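For reference, the structure discussed in these notes is given below.
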Protein chains: 2
Amino acid sequence: MTAHVSLPPEGPASEEPGHTTGEPRWLDAEEQRAWRAYLYSAQLLLDRLDRELTHETGISHAYYEVLVALSETPGRRMRMSELADRCLSSRSRLSHAVSRLEERGWVRREVCAEDGRGLLAVLTDEGFAALAAAAPVHVESVRTHLFDQLTPEQVAAMRDLGETLLRHLGPR
Amino acid sequence: MTAHVSLPPEGPASEEPGHTTGEPRWLDAEEQRAWRAYLYSAQLLLDRLDRELTHETGISHAYYEVLVALSETPGRRMRMSELADRCLSSRSRLSHAVSRLEERGWVRREVCAEDGRGLLAVLTDEGFAALAAAAPVHVESVRTHLFDQLTPEQVAAMRDLGETLLRHLGPR
DNA sequence: GCGGAATAGATGAGCCTTCAACTACGCTGA
DNA sequence: TCAGCGTAGTTGAAGGCTCATCTATTCCGC
């Protein structure tokens, strides 16, 4: 009955008044239901999108995001750190990812003129072509599993929810 | 400008009428904004919750879900497959996870009486104690990064959104 | 009761992510 | 001009996840 975020109590723990540590702010049944619905649906959705993209194009969602970020930039190139931020990725993770994309011939590293420490990730024509092939597959998944399921009001609520959380979690 | 799900076009591709393949149903600017807000916020939130839980308790969110599922069940035991379903986990992933939890002494495998093929994962007292210690940490994270940020209307919308998507993505 | 299909689960290789070093370069102040 | 610190990025080891494969057991029809 009690679910997920709270410890299943044998009954509410005895509470002494004037506590110092503070009793955990457990979720009530309604909150649990909302939280679980959000958590499960988000996990299932992201998983599904990633799987469909990966299986139909050979590009994981993580790689896809890297390619998209590069493709949207003038000259199709970006500093490694900036790219990491845009992809919600750690520096290390991005570094590994770019190495693997480099092996596929989709990205190339270039030294940065203004900063001798810096590198630019550059999207190659092959990389752009791979992205062009994958994009219709991905957009169809997003339509099918997300937008086709929602009313315009729900889409608006989704955006509102997302933007509210982003203000807290920070665009970094 | 064009973002994420769509190929950044040099301009809309020429479209011949009577197409057979079907032009991709690209997202418009509003849809992209909603989708990105949702995607980013979900990724950041889940990441944050997982990190806080992992760093403060040594239990990843994935393991936490396993422990919670077991703790909620009569006898604190469950068939491996059912546990996998409850945790949105593949059989293989759960099998590996239970092995690791077994090494920590938090879970034990028992043979299943009714089905010689089956196994039961059983939460040990040590496992329950570990969960009891972690739960307050996790609930505080969920409060701080989710519920404290939202109005009651947004919580209701979150639940509605989640349940709508779950109907499509299936409780499996 | 027996042969074959289906189910439950384990296993290992390979890839991905994380974390903690580590290198290399730039910036600042004395 | 150089010492020290901060920033940019890489690297390798360790653990987690996926996928394909494998074993053991049950179920089903005859």
Side-chain angles (χ1 to χ4, degrees), chain A residues 43-44 46-67 77-104 106-122 172, chain B residues 43-44 46-67 77-104 106-122 172:
Chain A
Q43 286 184 164
L44 285 170
L46 299 183
D47 224 68
R48 185 85 161 245
L49 295 177
D50 186 33
R51 286 179 119 73
E52 290 187 358
L53 186 60
T54 302
H55 286 152
E56 291 175 41
T57 72
I59 306 177
S60 71
H61 193 259
Y63 287 11
Y64 185 83
E65 295 232 55
V66 172
L67 299 180
R77 69 195 59 224
M78 201 184 284
R79 287 290 294 270
M80 294 293 285
S81 306
E82 198 188 340
L83 187 54
D85 291 345
R86 284 238 192 291
C87 297
L88 303 182
S89 174
S90 70
R91 310 295 164 93
S92 167
R93 180 188 183 198
L94 181 75
S95 184
H96 286 298
V98 165
S99 296
R100 292 177 302 246
L101 289 171
E102 224 168 4
E103 286 168 17
R104 297 195 192 185
W106 292 351
V107 170
R108 181 164 34 86
R109 273 183 245 244
E110 263 180 24
V111 296
C112 179
E114 309 98 56
D115 189 337
R117 296 167 299 181
L119 291 180
L120 291 161
V122 186
R172 165 44 344 157
Chain B
Q43 287 184 165
L44 285 171
L46 299 183
D47 224 68
R48 185 87 160 242
L49 296 178
D50 186 35
R51 286 178 120 73
E52 290 188 357
L53 186 61
T54 301
H55 286 151
E56 291 176 39
T57 72
I59 306 177
S60 70
H61 194 259
Y63 287 11
Y64 184 84
E65 295 233 53
V66 172
L67 299 180
R77 67 195 61 226
M78 200 185 283
R79 287 290 295 270
M80 294 292 286
S81 306
E82 198 189 339
L83 187 54
D85 290 346
R86 283 237 193 292
C87 298
L88 304 182
S89 174
S90 70
R91 311 292 165 95
S92 168
R93 180 189 183 196
L94 182 75
S95 185
H96 285 298
V98 167
S99 297
R100 291 177 302 243
L101 289 172
E102 226 170 2
E103 288 168 17
R104 297 196 193 184
W106 292 351
V107 171
R108 183 164 33 87
R109 272 181 247 243
E110 261 179 27
V111 296
C112 178
E114 308 98 57
D115 188 337
R117 296 166 298 183
L119 291 180
L120 291 162
V122 186
R172 161 68 333 160

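In the text below, chain A, chain B and the rest are named by the order of the sequence lines, each starting its count at 1. Predicted model only: the values in this text are computed from it and were never measured.
The stretch residues 51-64 of chain A participates, sequence neighbours left out, in these salt bridge (charged side-chain N to carboxylate O under 4.0 Å, His left out) pairs: D47(A)-R51(A), R48(A)-E52(A).
For S99(B), the side-chain hydrogen bond (donor to acceptor under 3.5 Å, both in side chains) partners are R109(B), not counting sequence neighbours. For R93(B), there are no side-chain hydrogen bond (donor to acceptor under 3.5 Å, both in side chains) partners two or more places apart in sequence or in a different chain. Annotation: side-chain hydrogen bond (donor to acceptor under 3.5 Å, both in side chains) contacts of S92(A) (sequence neighbours excluded): none. Residues passing the side-chain hydrogen bond (donor to acceptor under 3.5 Å, both in side chains) test with R104(A), sequence neighbours excluded: none.
Under a 4.0 Å N-O distance rule, the pair E102(B)/R100(B) does not qualify as a salt bridge.
Atom CG of L119(A) and atom P of dC25(C) are 11 Å apart (whole Å). Remark: P of dT7(D) and CE of M80(A) are 18 Å apart, rounded to the nearest angstrom. One can place CD of E110(B) at 14 Å from P of dA10(C), the figure rounded to the nearest angstrom. Counting to the nearest Å, the P atom of dT25(D) and the CZ atom of R79(B) are 14 Å from each other. As rounded to whole Å, 7 Å separates atom P of dT11(C) from atom CZ of R109(B). Spacing between atom CD of E82(A) and atom C1' of dT7(D) amounts to 15 Å, rounded to whole angstrom units. Between E103(A) atom CD and dC15(C) atom C1' the separation is 11 Å, expressed in whole Å. The nearest whole Å value for the distance from the CG atom in L94(A) to the P atom in dT11(D) is 13 Å.
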Exercise. If a protein heavy atom is under 4.0 Å from the base, mark B; if only from the sugar-phosphate, S; if neither, -; do that for nucleotides 16-23 of chain C going 5' to 3'.
Key: SBBB----
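For R117(A), taking side-chain heavy atoms from C-beta onward, the closest of the listed nucleotides dT10(D), dA10(C), dC25(C) is dC25(C). Between dA8(C), dT10(D), dG26(C), one nucleotide has an atom nearer to the side chain of R91(B) than all others, and that is dA8(C).
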